[in-house]
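Just so it is clear, the values below take in all heavy atoms, side chains as well, and ignore hydrogens, waters and symmetry mates.
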Amino acid sequence: MLGVSITLACPPGYSFDDPLVDRVRQQYPEVDFHQTSDPREAVKGATAIYTDVWASMGQEKEQATRTRDFADYQVSASLLAEADPGAIFLHCLPARRGQEVTDEVMDGPSSRVVQQAENRMHLQKGLLVWLLAQQKTVPGDSTTRSG
């Protein structure tokens with residue numbers, strides 16, 4: 001929707017399947033979307049690098065396999081150096097330092113994770129206000145709201 005270029009880098013077997021990629025491209029033709037198994041190719045020219053934990057909640061049994069599979073995808077200073085000079089680093093937190101990101105990047109001048117976390121808090125508050133405004137009645141209150 002913003003007309004950005006997005007490159008997803010992940011090991012073989014973890015990428016989006018073709019039907020999903022086709023649907024994304026049909027729904028958002030203005031987005032330049034690519035997938036690669038080469039993390040250096042993915043960050044080449046990037047203005048933002050965004051990563052997440054390798055194994056999310058509910059995937060604990062896959063932790064060892066994912067740690068092995070994603071080892072080459074760690075965001076390190078050398079990987080960040082492949083991006084644009086002013087590139088920023090983002091992570092939705094909590095992060096597993098030493099796995100998907102090094103301390104040097106997480107705590108470095110390119111990191112925007114603290115600002116990102118703060119913005120997420122304000123976004124969530126706004127979403128709650130919006131959702132509550134959508135209700136016709138407040139639970140436990142007989143007052144009708146217009147919405």
Asp17: which residues meet the side-chain contact (heavy atoms from CB on, under 4.5 Å) condition with it, sequence neighbours left out?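 Scan of Asp17 (side-chain contact (heavy atoms from CB on, under 4.5 Å), adjacent residues dropped) gives Pro19, Leu20.
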
Looking at [Y], is its backbone amide N or carbonyl O close enough to the side chain of [X] to form a donor-acceptor pair, meaning the two atoms are under 3.5 Å apart?
X      : Y      : value
Asp38  : Arg40  : yes
Gln74  : Gly98  : yes
Ser111 : Met106 : yes
Tyr73  : Ser37  : yes

Would a hydrophobic clustering, with Ile, Leu, Val, Met, Phe, Trp and Tyr connected at side-chain separations under 4.5 Å, put [X] with [Y]?
X     : Y     : result
Val31 : Val24 : yes
Leu93 : Ile49 : yes
Val75 : Phe70 : no
Leu8  : Val21 : yes
Ile88 : Tyr50 : yes

What closest approach, in Å, do [X] and [Y] show between heavy atoms, and which atom pair accounts for it?
X     : Y      : result
Thr36 : Ala42  : CG2-CB, 3.8 Å
Ala83 : Ala46  : CB-O, 3.5 Å
Ala77 : Thr102 : N-OG1, 4.3 Å

Which pairs would a plain distance check flag for residues 51-60, meaning a side-chain donor or acceptor within less than 3.5 Å of a matching protein atom at least two apart in sequence or in another chain?
from: Gln59; atom 1: OE1; to: Ser56; atom 2: N; distance (Å): 2.7
from: Glu60; atom 1: OE1; to: Gly58; atom 2: N; distance (Å): 2.9
from: Glu60; atom 1: OE2; to: Gly58; atom 2: N; distance (Å): 3.3

Donor + acceptor pair across side chains of His91, Glu100 (<3.5 Å): yes

I need the [X] [atom1] to [Y] [atom2] distance, nearest 0.5 Å.
X      : Y      : atom1 : atom2 : value
Ser5   : His34  : OG    : NE2   : 5.0 Å
Thr67  : Glu62  : OG1   : CD    : 11.0 Å
Leu123 : Glu118 : CG    : CD    : 12.5 Å

List the steps and the verdict of side chain to side chain contact (heavy atoms under 4.5 Å, CB included) for Leu128 and Lys125. CA-CA 5 Å; Leu128 283 173; Lys125 290 188 307 185; 5.7 Å; no

Between Arg120 and Cys92, is any pair of side-chain heavy atoms under 4.5 Å apart? yes

May I ask you to test the Gln99-Gln63 pair for a side-chain heavy-atom distance under 4.5 Å? yes

Is it the case that atom CZ in Arg23 sees more than 12 heavy atoms from other parts of the structure closer than 6.0 Å? no

side-chain contact (heavy atoms from CB on, under 4.5 Å), paired with Val43, selected from Leu79, Thr7, Leu80: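 Among Leu79, Thr7, Leu80, the one meeting side-chain contact (heavy atoms from CB on, under 4.5 Å) with Val43 is Leu79.
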
Centre-to-centre under 6.0 Å for Phe33 and Tyr28, is that the case here? no

